[in-house]
Every structure is written in C-alpha cells, then in structure tokens.
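For reference, the structure is listed below as structure tokens.
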Amino acid sequence: MSEIFSATVIIGILTSGIRLATPYLYAAIGETFSQRSGVLNLGVEGQMLLGAFVSFYVAFTTGNLWLGLLGAMIAGALMGLAMAYVTVNLQAVQGISGIGFYLFGLGMSDLLFKMLLGTVETVKGFSVAPIPVLSKIPVIGEIFFQQNIMVYIAFLLVPTAWFILNKTTLGLKIRSVGENPDAADSLGVSVAKIRYFTIILGGTLSGVAGASMSIALLNVFQQNMTSGLGFIAVALVYFGAWRAWGVLAGALLFSMVQAIQLRMQIIESISLSPDLAVMMPYILTIIVLVASVSRVRAPAALTKPFDRGD
Amino acid sequence: MNLPFSIRFEKRTDDVPKWLPAATAIGSVVIAFLISGIVLAFIGGEPLRVLKFFFEATFGNWAVFSDTLVKATPLIMIGLACSVAFKMKLWNIGAEGQFYAGAFFASLVVLVPLVPPDAPKVITLGAMVVMGMIGGAIWGFFPGFLKARYNVNEIITTLMLNYVAIFWNNFWIFDKWSDAGFQMTPTFPKTAWLPRLADLAREYPVFSGITLHVGVVFGIIAAVIMWWVFKRSRWGYEINLIGDNPEAARYAGLNITRNIILVMMVSGALAGLAGMSEISGVVHRLQEKISAGYGFTGIIVAWLAKLNPFAVIIVSILFGALIVAGREIQPAGLAYLLQGIILFMVISSDVLLRYQVRIVRKEQETV
C-alpha cells in the first residue's frame, strides 16, 4: 500500500494527469463557446475522431506535425460548418443531430483509416519541450513544465477563453445570443453569424482535441480511439457551469482519475476495481449538476433554435 | 442569373400531405446511399461492387436475412424506446446504458440465481423479461426524476449513465462473474435461451442454422402496443399534448412531472428489454461490448421512422442490414458513415415538412 503514496508515484500521476487533460480541455473549451451562444454540439466525439485521423495521416505521410495539426483544424472546422448549417439554417433538434455527426465522424475516420492506412502505424508525436527556468523548479516544474507544446496551449486556452467570453465585445455578443437571441437580434447582432462562428470554432478545437491524442498523447490512430471522451467534454461544460475555469476543474477531475487508474493497473496490490474507479467521475458529474441547479443557470437559449420569423 | 421565376420557401399553413413524410424518409435514404457511394469512389473504393455485396450479405438468402433480422431486433425495441421519449421532447440518448442495465438485471436471474436452476424455461425467461425491463426502467427513472424534479438536462444525465452502466457491467464481468479469467460470464443454461428457429431444425430442416429468435416477436408486440398507446389511449394523447405544447398541457391539468418520469421509465424498460433479448437470444451470457452502438443507432431509427412504431420496424430492418454489412464488408466504417449521412438527409428533408416550396413567376411577384 505504501508504494502508491511515495513522492515519485504521486508526481508521476500528477504529470500524466496534466497531460491526459489536454483532449478534454480543447474539446470542452470549444464546446463552451458553442453552448454559450445557445448551441449544444453533441457531435464533438465525431469531430475529434476525424481530427485525430486527419492529423495522424498528414503527419504520417508528410512527417510534419504542424501540418497534421492544421489538417485536424480544417477537418474539425468543416464538420463544424456542416453542424452550423444543420443547427442554424435547418433548425434541427440539437440532441438528435449531434448523434448523426458522431456516427459520421466515427464511420468516416474508420473508412479513411482502412482505405488509406490499413494497419495501425505510429508517428513520432510532439516531444516533451521543457520550459527554460520554470521546468527546473522542483516538483512543480516536473509536473507542469516538462510537457509537450499541445499541453501548454491547452492550458493557455483556459484564461484565453475566459478573457474572450467575459472581457471582449465578441464575448458579450456570444453570451447575449445564448441568453436572449431576440434582444440581441433587435440590437443588430446577427444571431446566425455568431452561432456559425462559435460552432465552427468548437469544431476546430474538437479537431485539435483529436490531434492532441493521435499526434501528441498516444501517437497512433485506431478506430474509435476517443471512446466517449468527446461526450464527456460536452458534459464537462455543464459540470463547469459554462465557465472556462469550471471546465478546467472538471477536465482535471476526469484526467486525474484516469491517471490514477492507469497507475493502479501497474501496481497490482491495489484491490479497488478500476471499473468502479472510472465510474466515479460520471456519477459525480450528475451529482454536481443536481447540486448546482439552484445556483447556476444554463444559457437561457441553449438548444433553442432561433427563428427571426421572416 | 436571371430566371423568369424564383423559388420560395414558405411556412406551411395547411396540413402536411400524408404521403410526404414517408417520401422524404425514403428519398433521404436513397440520397444518403448515393453520397456514400460517391465518397467511397472518391477515396478509391468500388461503390457498385460494395452495393451488390451489401444486398447479398444482408438480403441474399434466408440465412443472411435472418442475421439482418437478428440485428434489427434490438433496434426495433430501442427505436420504440427513443420514439416514446422523443414524442414528449425528452431527448433520451441513454438507450445504450438502459440496454446494458437491462442485460445486467436479466442476467441476475441466472447468475444470482433468482429462480432455481432447474426451473421450467417459461419461468426463467419470464423472470428475465421482467428483470430486464425493470433494469432499463431504473436507468430511465433517474434522468426522468432529475428532469422532472430539478430540471436537470436529460441529455447529459442519460449520456453519463451510459458509461456508468457499461463500467458497472464490466466490473461484474471482469471481477465477479468472470469465466476462467475471460471477460465474460459462463454460458447461461439452455433454460435461459430464447427459442430460435434453428431449434426446430429436426422437424423442419429448412430452419437449420437460422439464428432468428423470439426477441423479434417481443419487438413486434411492443410496436403494436406503442402504436395503440400513441393512437388510441388517453395516455398517448397526454404525451403528445405535453410534447407539442407543455403550457397548454399544464393548463389542462395534466401532471407533467409524473408523465416525464413515467415516459422515461417506459423508454428505459423498452431499451432494457432489448438488452435482455440480446443476451438471452444471441450471446447467451453477459459479456463486454454486447451492443454494436444500438443505443445511438436507435436514435436515428426513431427519427427516420418519424416516431411511428410500425415504421420503426421497417427502418430497423434496414439498419440491421447496415450493421450486418458493416461487419461483413470492407471497408468497415461505411455503415456508421451511412447512418450519419442518412440522419443529415432526414433533418434536411424535414424542412420540406415545415415549409412548402413554391415556384413564383417574376411578373406575378411584382404585382
């Protein structure tokens, strides 16, 4: 038992927990933008899978990781564009249409994988890039500042998203479209444009989330490799009460449990079932939703299509 | 371009013609097949050969058609489960979890065991049906209760409970009931197997190797009952009213809280029954990955069927074929891709139900 409480093990868990938080962060921060504008994008999982494949394939064939990342962004953005059309123009039921995008991304990424690669390959993904000075700090340096570039960007995204949503005109427009689209419309804000923007941004970041798995975290592509992570990202936005910092807390909860679970598989003396351990964050998410229901309120227009009535 | 006429979309004021929903649904499927074929050709596949193979592998002879129906069976029940929830605009996307919960609870009958191992087949199977539906209903109850009582979004809770059910099952399969270290329970005794057509092979040799089981009958009975509920019963009328106009329903004195919980439980019970039918009719044990994404495919089934119970049966057969084909044909993945595109097309064509297309002559317009 004492083994797991040793300093090296704890540092190891925290380090991998920070790293594992990356895909959650990209996807959930992107989702925060779309939900703040009133759109529940349930297709995150599909966008991630397509992004994961495209980035992997481009990086594998060209050897350039940044091109791969760009490919993931384009793939995610295109799926976002289609999602925006379905949501804004066709006014689809968002709880349903997202499942279609999930299955599309699941099938498309698998199809492309079978046709273009055929076998599981590996790439040399983004390697650890220690930050000068900071990485030398004992413990903290090791946990936070000896990661790959995708991890740093993911964590920088949190304050950036907070700033954009709360301190800029764009953020104000996004929030007003999500709270009261009729009022926003009468003040001259184009609800359609804002929602197109946030959904495409969400798609782009979901694509990056997929890339962060296939060319930074795992460095392989496999069918259905996200295995539900994109759906968790959607729930994390609820968990975090539509705030960037809350989303960060939720992402860390899931990633830390995952890191502990991975470690427990190595140390066999632990008797707690890993399946029960990984179940906990899901139950906790529901509990948090119930507990926070009287304190926080979802964007008033969330999941409601906007019709100008013309 | 200066055309002598313009095309306009206008909000429908009259009722939708009766044939139109079916026509748009069929059109959506055809167009989705075309698009997938183009995608396949574009990345170097042979769409026509795949299409031919698709029909041969799914409808080509009685044996493969029976496989198609076996895959359609859980989809029928899950499609109905989604339909009843969607009628009330409850977006239950937790059928996957309710399916697993149903499978787990039905397994308890054999594994605990809840009935003596030498009990007659009817008793064992009856108990499994009841337990499966109870398991699904419990999994539906929580999101329903939280929605009705605290207004917690059911999309998120049902989604989270999907994972809880899957990990819960894994816990028992891996740790408690594992068969010699494998990720599955021991095979159930024959008394817990739903009868198959193949069981009659001794008297009727044509049935030899036909895997179709009684579960499909459960699905058809459930469809008839749901049709009656939607069309003829007072409760069905309440569900429709609450779905269409909750304000009016409230003024009419309907108990919305109770109906939300009840509908979610019925929805869960139907998905749970699908889980029972799958383990008792197909795999004959509780194991990992008993669902090929049925819970999600069922959502698309319900939507394409426009929540009509009989249409759910027909659409389920098509999607059952897609699942069989996805397992048989290369490249795999095509089946899910098609499902996604079909839904996209259905959503697009729904516009035709809300709007009517009018071709207006320019001269007319200026008047």
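Just so we're on the same page: letters track the sequence lines, and every chain starts at 1.
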Practice task
Would you mind reporting whether B/Ile155 and A/Val234 have side-chain heavy atoms less than 4.5 Å apart?
Solution key: no
Completion exercise
Highest number of heavy-atom pairs under 4.5 Å with chain B among A/Asn89, A/Ile96, A/Leu302, A/Leu106 belongs to A/Ile96
Practice task
Give, as side chain, backbone, both or neither, the part of B/Asn170 having an atom under 4.5 angstrom from any heavy atom of chain A.
Solution key: both
Practice task
Tell me, yes or no, whether the heavy-atom count around A/Phe306 atom CZ, taken from other residues, nucleotides or ligands under 6.0 Å, exceeds 12.
Solution key: yes
Exercise for the section: Could you tell me which of B/Trp168, B/Phe142, B/Phe296, B/Tyr150 has the largest number of non-hydrogen atom pairs under 4.5 Å with chain A? Expected result: B/Phe296
Exercise for the section: Apply the test side chain to side chain contact (heavy atoms under 4.5 Å, CB included) to residues A/Asp275 and B/Phe174: give CA-CA distance (whole Å), side-chain angles for both, the deciding distance (0.1 Å), then the verdict. Expected result: CA-CA 9 Å; A/Asp275 292 308; B/Phe174 285 72; 4.2 Å; yes
Fill in the blank from the handout: Counting heavy-atom pairs under 4.5 angstrom with chain A, the leader among B/Ile93, B/Asn169, B/Asn151, B/Ile166 is B/Ile93
Exercise for the section: Tell me, for A/Val293 versus chain B, whether the close heavy atoms (under 4.5 Å) come from the side chain, the backbone, both or neither. Expected result: side chain
Handout entry: A/Leu40 portion near chain B, given a 4.5 angstrom heavy-atom threshold
Key = side chain
Handout entry: Verdict with supporting geometry, A/Val290 and B/Thr157, side chain to side chain contact (heavy atoms under 4.5 Å, CB included)
Key = CA-CA 10 Å; A/Val290 178; B/Thr157 47; over 6 Å; no
Problem - Working for side chain to side chain contact (heavy atoms under 4.5 Å, CB included), residues B/Trp303 and A/Val93 - result: CA-CA 10 Å; B/Trp303 209 247; A/Val93 175; 3.8 Å; yes
Exercise for the section: Report the distance from atom CG of B/Leu334 to atom CE of A/Met108, rounding to the nearest 0.5 Å. Expected result: 10.0 Å
Handout entry: Inter-residue atom distance A/Ile99.CD1 - B/Trp91.CH2, 0.5 Å rounding
Key = 12.0 Å
Completion exercise
In terms of heavy-atom contacts, B/Met160 and A/Tyr282 come closest through SD-CD2, 3.7 Å
Handout entry: Structural part of B/Val39 lying under 4.5 Å from a heavy atom of chain A
Key = side chain
Handout entry: Minimal non-hydrogen separation, A/Leu103 against B/Gln339, with atom names
Key = CD1-OE1, 3.4 Å
Fill in the blank from the handout: Counting heavy-atom pairs under 4.5 angstrom with chain B, the leader among A/Ile232, A/Asn224, A/Val278, A/Thr303 is A/Val278
Handout entry: Contacting region of B/Leu343 [heavy-atom separation from chain A under 4.5 Å]
Key = side chain
Practice task
Examine whether an atom of A/Tyr102 lies under 4.5 Å from a heavy atom of chain B, and if so say whether it belongs to the side chain, the backbone or both; otherwise answer neither.
Solution key: side chain
Fill in the blank from the handout: Nearest heavy-atom contact between B/Ile156 and A/Ala235 is CG2-CB, 3.8 Å
Problem - Residue part contacting chain A, namely of B/Phe86, when any heavy atom lies under 4.5 Å - result: side chain
Exercise for the section: Check A/Ala92 against B/Ile347 and note the closest heavy-atom contact, atom names and distance. Expected result: CB-CG2, 3.4 Å
Exercise for the section: With rounding to the nearest 0.5 Å, note down the distance linking OH in B/Tyr336 to CD in A/Gln223. Expected result: 7.0 Å
Handout entry: Reported CG-to-CD distance for the pair B/Asp350 and A/Gln91, which is rounded to 0.5 angstrom
Key = 11.5 Å
Fill in the blank from the handout: Interface check, chain A: of B/Asn92, B/Ile299, B/Leu159, most non-hydrogen pairs under 4.5 Å belong to B/Leu159
Problem - Residue part contacting chain B, namely of A/Thr285, when any heavy atom lies under 4.5 Å - result: side chain
Handout entry: Smallest separation among heavy atoms of A/Ile286 and B/Leu146, with atom names
Key = CG2-CD1, 3.7 Å
Problem - Between A/Tyr238 and B/Asn153, a side-chain donor and acceptor under 3.5 Å - result: yes
Problem - Within-4.5 Å side-chain heavy-atom neighbours: B/Phe167 and A/Leu276 - result: no
Problem - Under 4.5 Å from any heavy atom of chain A - which part of B/Phe171 - result: both
Handout entry: Minimum heavy-atom distance between A/Met279 and B/Val164, given as atom pair plus value
Key = SD-O, 3.6 Å
Practice task
Measure A/Phe231 against the heavy atoms of chain B and call it side chain, backbone, both or neither at under 4.5 Å.
Solution key: both
